[in-house]
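First the proteins, then the strands, lettered A, B, ... as listed; each starts at 1.
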2 protein chains.
Amino acid sequence: MMKKRPTITDVARHAGVSKASVSYVLNDVKKVSQSTKERVLMSIEELGYEPDFTAVSLTRQRSQLIGIILPLVNQSIAHVMRENTYYNEMISAVEQRARESGFDVLLTGLSRPEHYRTWVHKRKLDGLLFFGLFPKEIYDEMRSIDVPAVLIDTYEEHTDRYPSVNIEDEKGAYLATCHLAELGHSRILFTGTNLHNPVEHYRYTGYERACKEAGIQPMNPVETPHSHSFLSGYEAAERVSATDATAVFCTSDIIAQGLIRALYERGIRVPDDLSVAGFDDIHSSRYSIPSLTTIRQQIQLKGDAAAGKLLEAMKGGSPEPEVLDVSLIIRESTAPPDIGSASQ
Amino acid sequence: MMKKRPTITDVARHAGVSKASVSYVLNDVKKVSQSTKERVLMSIEELGYEPDFTAVSLTRQRSQLIGIILPLVNQSIAHVMRENTYYNEMISAVEQRARESGFDVLLTGLSRPEHYRTWVHKRKLDGLLFFGLFPKEIYDEMRSIDVPAVLIDTYEEHTDRYPSVNIEDEKGAYLATCHLAELGHSRILFTGTNLHNPVEHYRYTGYERACKEAGIQPMNPVETPHSHSFLSGYEAAERVSATDATAVFCTSDIIAQGLIRALYERGIRVPDDLSVAGFDDIHSSRYSIPSLTTIRQQIQLKGDAAAGKLLEAMKGGSPEPEVLDVSLIIRESTAPPDIGSASQ
DNA sequence: TTGTAAGCGTTATCAA
DNA sequence: TTGATAACGCTTACAA
């Protein structure tokens with residue numbers, strides 16, 4: 001027969017005190033004498049008592065649970081996170097930080113805004129981490145209930161209300177484009193997912209600025225229909241190769257890698273015939289052939305920072321928004337234009 | 001002023017019935033008349049009532065929560081899942097299936113076995129999914145508490161007690177090795193992480209069987225010190241190239257890709273100088289250069305199957321263990337040995 | 001078929 | 001400094 005695990009009542013009885021007193025020492029409420037405190041602690045130890053989170057949640061109206069929310073596409077979060085190890089690093093970092101602070105992490109996809117509200121309530125979630133951009137109504141809902149949240153990779157006006165963690169998107173694109181221009185490219189193409197997405201937009205802005213400073217004409221951007229994925233890059237190849245670009249800046253490594261593959265199949269060599277730069281510096285970019293010139297963002301640091309801010313906000317603080325630095329990592333996928341074969 | 005969200009008491013009052021009746025219709029207990037059922041349903045609708053999970057958890061002693069457990073290395077799950085999109089697909093699939101069944105997913109790393117026990121209890125977890133192999137003590141703990149669990153990628157004796165989901169590891173390695181042998185290779189190297197891991201062991205067995213059938217001599221396997229990662233493959237290159245192998249079978253795509261990269265840096269061409277096959281068929285293997293010949297396992301199906309079995313076990317069923325099929329995907333990284341340069 | 005009331009394991013309010 | 005005791009929101013015998 002399995003012995004039931006001890007409750008606070010058992011501890012109280014064992015220590016010869018009331019439940020209240022046990023609760024006091026558990027929660028470090030001052031009004032306990034040293035002697036009873038010791039007795040209680042001993043009993044806890046002896047019985048192997050651990051407080052029950054669901055009971056605590058019920059009375060305290062908080063759960064020690066934080067939720068990571070990913071966009072749902074086709075009823076699944078797979079479409080977003082399937083191929084991109086960006087999420088692996090983010091999630092790992094958040095999980096670690098949360099666990100160290102006594103929180104558990106709930107991972108979920110979110111479709112309809114109204115679901116979200118009840119979900120937060122039903123679970124009494126203490127805090128939320130939004131990975132990426134969500135429909136506007138979600139943020140409105142958020143405001144109406146009153147739960148701490150941190151927005152990651154979002155530039156909406158909502159950022160004013162909630163702490164956010166971003167990276168220097170504009171600068172990243174700028175650095176990459178400058179690098180390409182400095183190599184001597186004057187036909188540089190921008191390839192991203194959707195310029196209406198603010199992150200993409202800012203990157204485009206950085207691209208434009210670099211072009212301007214280099215005195216070259218921005219080209220018509222190539223937008224891919226899907227999200228950041230190999231396929232997006234792969235399918236972009238047709239439109240890319242229809243241009244006279246000698247260099248391409250992609251807004252994610254995953255797109256760049258898909259693109260490079262498709263170019264390879266068309267006999268277009270990278271970087272000999274075309275230079276390609278990415279964004280993110282996911283692990284694989286170091287190992288791909290050619291290895292990818294890219295903009296490094298410190299993904300784990302980002303996840304850790306986001307979790308940290310959420311923890312702070314949950315304690316009642318008002319953490320500042322944070323914008324993390326990025327840097328250019330030059331690898332094999334970019335080179336000077338091939339003067340021989342290229343025009344101009 | 002924020003209006004409090006309605007409780008079951010509010011609904012009862014609104015409908016002019018008792019809390020019990022509301023609970024009955026909520027939980028589909030038969031003994032409710034059509035008329036009251038309708039009244040209650042209307043009130044629920046009108047008030048926008050949603051049951052509170054923490055309260056339900058407390059009385060029912062179950063949480064509608066399932067836990068995904070990953071091995072912790074260095075206090076972080078990052079080391080395991082950082083680079084490998086295998087986990088992205090698994091987690092996505094589990095999350096989707098769970099969500100559709102009204103469960104939420106808790107993601108956590110697990111270090112010390114004793115932590116695990118209290119964690120399950122504190123959260124009243126309904127079920128557990130173990131991703132990969134854990135120290136033996138964990139399974140012992142599991143048995144002592146009584147929580148449904150499904151083991152993934154584990155061949156321990158524990159599998160007898162718990163439903164498991166595996167793939168045909170032996171067959172996969174066999175297929176890959178056969179493919180290499182059929183191409184004409186007779187010096188085929190096995191590269192994996194650690195032959196003491198049962199999954200690796202079975203793959204080695206398949207490799208051996210294929211060698212035997214092809215009448216070739218198995219070579220001394222190369223074991224990498226780390227887990228499945230680019231670096232493992234990358235670092236294996238030195239030992240691989242020190243052999244006279246003309247083909248290598250790696251036990252994961254991620255290792256294969258790391259290896260190919262390192263070989264590339266050493267001027268060893270794949271597949272011209274050396275053929276390389278992987279295992280898993282993660283998305284990137286389709287897009288790498290060269291694209292990777294590999295053993296496809298249906299990762300999402302696997303995650304879905306695991307979640308399904310757990311759901312079944314939680315309902316009191318005893319799901320059968322399942323072994324999913326694998327298949328050979330031939331791509332660019334394997335080719336006949338270069339008779340010109342190779343010996344023999 | 002419906003209602004009453006006793007839990008579930010905590011925390012928190014008041015007296016003592 | 002302590003201890004009853006009433007919440008917290010729900011489920012479930014047991015009565016009616």
By salt bridge (Lys or Arg N to Asp or Glu O under 4.0 Å), A:Arg39 pairs with (sequence neighbours left out) none
Between B:Thr54 and B:Ser57, is any side-chain donor less than 3.5 angstrom from a side-chain acceptor? no
Please work out which residues in residues 35-46 of chain A have a non-hydrogen atom less than 4.0 Å from an atom of DNA chain C and list them by number. none
Global bending angle along the helix from C:dT1-D:dA16 to C:dA16-D:dT1, which compares the axes of five pairs at either end, to 10 degrees: 40°
Could you check how far OH of A:Tyr24 sits from C1' of D:dT1, rounded to whole Å? 9 Å
Quick one: label B:Val29 by what it contacts on the DNA or RNA (base, sugar-phosphate, nothing), any heavy atom closer than 4.0 Å. nothing
Begin from the C-alpha positions of A:Arg161 and A:Tyr139 and carry the test side chain to side chain contact (heavy atoms under 4.5 Å, CB included) through to its verdict. CA-CA 10 Å; A:Arg161 320 283 190 132; A:Tyr139 302 104; over 6 Å; no
OP1, OP2 of D:dT2 versus side-chain N and O of A:Ser33: anything below 4.0 Å? yes
Would you give me the side-chain donor-acceptor pairs under 3.5 Å for residues 309-316 of chain A, sequence neighbours excluded?
| unit_1 | atom_1 | unit_2 | atom_2 | d |
| --- | --- | --- | --- | --- |
| A:Lys309 | NZ | A:Glu320 | O | 3.1 |
| A:Lys309 | NZ | A:Glu322 | OE1 | 3.0 |

Nearest whole Å is fine: how far is D:dC8 C1' from A:Lys19 NZ? 12 Å
Quick check for you: name the first and last nucleotides of DNA chain C, 5' to 3', having an atom under 4.0 Å from a heavy atom of chain B. C:dT1 to C:dG9
Under 3.5 Å, which donor-acceptor pairs do the side chains of residues 124-134 of chain A form with other protein atoms, sequence neighbours left out?
| unit_1 | atom_1 | unit_2 | atom_2 | d |
| --- | --- | --- | --- | --- |
| A:Lys124 | NZ | A:Gln61 | OE1 | 3.0 |
| A:Lys124 | NZ | B:Asp52 | OD2 | 2.2 |
| A:Asp126 | OD1 | A:Ser63 | N | 2.9 |
| A:Asp126 | OD2 | A:Ser63 | N | 3.4 |
| A:Asp126 | OD2 | A:Gln64 | N | 2.5 |

Which residues pass the side-chain hydrogen bond (donor to acceptor under 3.5 Å, both in side chains) test with A:Gln75, not counting sequence neighbours? none
Within the structure shown, what part of the strands sits under 4.0 Å from B:Val22 by heavy-atom distance: base, sugar-phosphate, or nothing? nothing
Here the salt bridge (Lys or Arg N to Asp or Glu O under 4.0 Å) pairs for residues 78-98 of chain A, sequence neighbours left out, are A:Glu95-A:Arg99, A:Arg97-A:Asp304
If you take all heavy atoms of B:Ile167 and B:Val323, which pair is closest and at what distance? C-CG1, 3.7 Å
Between atom CD1 in B:Ile8 and atom P in D:dT12, what is the gap in whole Å? 11 Å
Nearest-nucleotide comparison on DNA chain C, the residue closer to the 5′ end among B:Lys124 and B:Val32: B:Val32
With no hydrogens and no angle check, do the side chains of A:Asn88 and A:Ser92 hold a donor and an acceptor under 3.5 Å apart? no
Where along residues 47-62 of chain A does a heavy atom fall under 4.0 Å from DNA chain D? A:Leu58, A:Thr59, A:Gln61
Taking only residues two or more places apart in sequence or in another chain, which ones pass side-chain contact (heavy atoms from CB on, under 4.5 Å) with B:Val80? B:Pro71, B:Val73, B:Tyr87
List the residues meeting side-chain hydrogen bond (donor to acceptor under 3.5 Å, both in side chains) with A:Glu137, not counting sequence neighbours, and say none if there are none. none
Mark yes or no for whether A:Ser43, through its side chain, and A:Leu41, through its backbone, hold a donor-acceptor pair below 3.5 Å. no
Summary of salt bridge (Lys or Arg N to Asp or Glu O under 4.0 Å) pairs that have at least one residue in residues 13-25 of chain A, sequence neighbours excluded: A:Asp10-A:Arg13
Given atom CZ of A:Arg123 and atom C1' of D:dG9, what is their separation to the nearest angstrom? 15 Å
State whether a side-chain donor-acceptor pair under 3.5 Å links B:Tyr86 with B:Asp153. yes
Counting any heavy atom closer than 4.0 Å, what does B:Ser21 reach on the DNA or RNA strands: base, sugar-phosphate only, or nothing? sugar-phosphate
